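We number each residue from 1, following the sequence as shown. Because the structure is predicted, anything quoted here is derived from the model rather than measured.
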Amino acid sequence: MTYVIGIDCGTTNIKAVLFDETGAEILVTSRENRPIYSGTSSAEMDMNLIWDKTAHCINDLVESGPAKKEEIMAVGITGQGEGLWLIDRNGEPVQNAILWCDGRATEEVSYFKRSDIGQIIHTITGTPPLEGTQLMLLKWMQNNRAETLDRAAACFFCKDWIRFRLSGQIACDWTDSGTSLLHLDQGTIAVNILQAMGLKKYLPILPVPISSDTLCACVCEQAAAQTGLCIGTPVITGGLDVSVSALGIGAIKEHDCCVILGTTCATEVIYRKKGCEFGEAGSRYEKHPLTDLYISLQPTMNGTPNLDWAMKEIIGTEDFSVARQLAASEPAGSRGVIYLPYISTSGERAPFHHPYASAGFFGINVQTSRATLIRAVYEGISFSIRDCLGNIDGRGTIYLAGGGAKDTVWAQMISDIMGMPVKIPDTKELGAKGIALMALVRTGVFGSYKAAVTASCKFKAEYTPDPQKKERYDRVFGLFREIRIAHMPLWNRRRELLEYLRQTDCP
């Protein structure tokens, strides 16, 4: 028997997953990841610490069996996208990594959105100016930490840093670079954008992107000693977590739809090039790991953290079964209580962009119970999914994954709200599985991605929509969107109020 390892370096967890040659998940090891939050919008990560935790995960996997290290024929990495991961000429971090959920580049985003360059960025890269993208963070660094940025020899995404420590290879792929740096339809760095933004001098630190499934490197001696892998084990380029997860769930056909309900709630619809309108208002496109496909991506700033907050602050528990029971005890529509799920301190980016968006309840009265509030939080996140998916008109199937997919009440709710069947994959670690499938195809175990998906992507549950609840939810969703739109100017006024309150702070 031969095996492959898929590594998934997420924002809150790092996982190393062993798959056999059929693509079946065998074993998972993990370490908790702790971002460093400071101020009102800063989110960073210690780059050396994330590598140490990854190496420990791999070593745990190798030592646990059943795979002997000689039987592991390839390794691949996926991870959190966007952000800024810089190394110097000695291969050492020049600072903490700045993460995708960081909000410090607000002024840079605002400037380019007001200028003609903002629309050019959106049309060429497929992504509008957003705070956490590498493009905007490079500009923020130039404006605020130019001396630090000038020490950088290479500019990475998360998975590139891990691959570099595994192999010493500097590289990047189309899916990660495609979040903000590429002529998306050409697959090359958008030099004209860098020049227009005054960033062309940093072109040499951006690796030339290659395909996600290229066997581009091998495990080096130092990494072998840390991880327990064999020296020379092949390493594939890897890719952006949300893109790779689409492959892991089996979404390789045009109009396939998947929702990754986790820290960020990422909604994805698959298109071929002819179905993409780069630069269209409200749109965001990324590269799919399969080079002829694109993903219409709407990743919210926060998904499940809304529920984490509600459990802690409203019902005082970390037991998800309690929240599930409370939500199930309330009727569809939460008795007219509506929750806006924009709980991130960095605002929201999908399906709209507002750096000062915030969460809140609408419709509370003296009869409102904790159960109603919890149900409203579930529904609010689900309405956000519907808001992100746009006008798909109930066509097709939603493949639902991520931590939230474990919740049967939530899965049925999403089916009812969308009016679409929902399928739950039998593999938990879809990012790692997507990487594993790429490794299995590139090492010749499967002859094509269609064959790999057909053989290995199975589903453990399916939910069908209740037409009566769908009709009920249609009415509630209409008001949800009206409330959300009405809040846009109010969030700006709240920001001004917060500034005033800080300046006039008193006991």
Side-chain angles (χ1 to χ4, degrees), residues 1-10 12-33 53-79 159 162-163 166 212-213 215 218-219 223-224 226-236 238-239 241 244-252 260 262 289 399 401-403 405-406 423-449 451-461:
M1 179 71 79
T2 55
Y3 301 86
V4 294
I5 291 176
I7 300 163
D8 188 346
C9 295
T12 54
N13 286 285
I14 302 167
K15 298 174 183 177
V17 189
L18 184 71
F19 295 86
D20 67 18
E21 60 194 14
T22 71
E25 182 181 306
I26 304 299
L27 186 64
V28 181
T29 60
S30 65
R31 290 284 193 283
E32 185 179 7
N33 222 1
K53 290 183 177 183
T54 302
H56 280 298
C57 286
I58 300 170
N59 194 61
D60 290 346
L61 206 60
V62 173
E63 290 188 351
S64 297
K68 299 176 182 178
K69 63 181 181 179
E70 297 82 7
E71 296 176 316
I72 298 169
M73 59 180 173
V75 178
I77 312 103
T78 186
K159 63 97 174 48
I162 300 303
R163 189 190 55 254
L166 268 176
S212 304
D213 56 6
L215 289 168
C218 295
V219 173
Q226 290 178 273
T227 63
L229 294 168
C230 288
I231 298 173
T233 302
V235 181
I236 65 172
D241 54 3
V244 169
S245 293
L247 173 60
I249 209 168
I252 61 171
I260 313 300
Y399 300 102
K406 302 173 187 176
K423 287 187 175 181
I424 311 296
D426 67 356
T427 300
K428 295 179 181 178
E429 307 302 335
L430 292 167
K433 181 163 185 172
I435 286 290
L437 293 183
M438 284 193 277
L440 290 168
V441 170
R442 282 305 168 213
T443 53
V445 175
F446 290 110
S448 68
Y449 283 107
V453 165
T454 300
S456 65
C457 293
K458 309 297 181 185
F459 301 92
K460 64 183 180 182

Straight-line distance of Cys457 SG to Asp426 CG, nearest 0.5 Å: 8.5 Å

Identify the heavy atoms of Gly238 and Ile435 that sit nearest to each other, and give their distance. CA-CD1, 3.6 Å

Sequence neighbours excluded and cut-off under 3.5 Å, please list the side-chain donor-acceptor pairs for residues 67-78, or say none.
residue	atom	partner	partner atom	Å
Glu71	OE1	Lys68	N	2.9
Thr78	OG1	Gly239	O	2.7
Thr78	OG1	Asp241	N	3.2

Leu27 and Ser64: which non-hydrogen atoms are nearest, and at how many Å? CD2-CB, 3.6 Å

Rounded distance (nearest 0.5 Å) linking atom CD of Glu25 with atom CG of Leu430: 8.5 Å

Heavy-atom side-chain contact between Leu61 and Ile5 under 4.5 Å: yes

Less than 4.5 Å apart, any side-chain heavy atom of Val453 and any of Leu247? yes

Just wondering, do Lys428 and Val28 contact through their side chains at under 4.5 Å, heavy atoms? no

Nearest heavy-atom pair of Ala436 and Val4: which atoms, and what distance? CB-CG2, 3.7 Å

In terms of heavy-atom contacts, Lys53 and Asn33 come closest through NZ-CA, 4.1 Å

Out of curiosity, Ile58 CD1 to Leu229 CG, how far, rounded to the nearest 0.5 Å? 5.5 Å

Is there side-chain contact between Val244 and Ser212, with heavy atoms separated by less than 4.5 Å? no

ring-ring contact (aromatic ring centres under 6.0 Å, His included) partners for Tyr399, two or more places apart: Phe459

Is there a side-chain contact between Pro66 and Leu18, using heavy atoms and a 4.5 Å cut-off? yes

Ile424 backbone acceptor or donor facing Lys460 side chain under 3.5 Å: no

Nearest heavy-atom approach of Ala432 to Val17 is CB-CG2, 3.6 Å

Listed partners of Tyr3 passing side chain to side chain donor-acceptor pair (under 3.5 Å), at least two apart: none

Separation between CD1 (Ile7) and NZ (Lys15), nearest 0.5 Å, reads 14.0 Å

Separation of Gln226 CD from Thr54 OG1 (nearest 0.5 Å): 10.5 Å

Could you give the distance from NZ (Lys433) to CG (Leu440), rounded to the nearest 0.5 Å? 10.0 Å

Can you name the nearest heavy-atom pair linking Ile162 to Cys9, along with the distance? CG1-SG, 3.7 Å

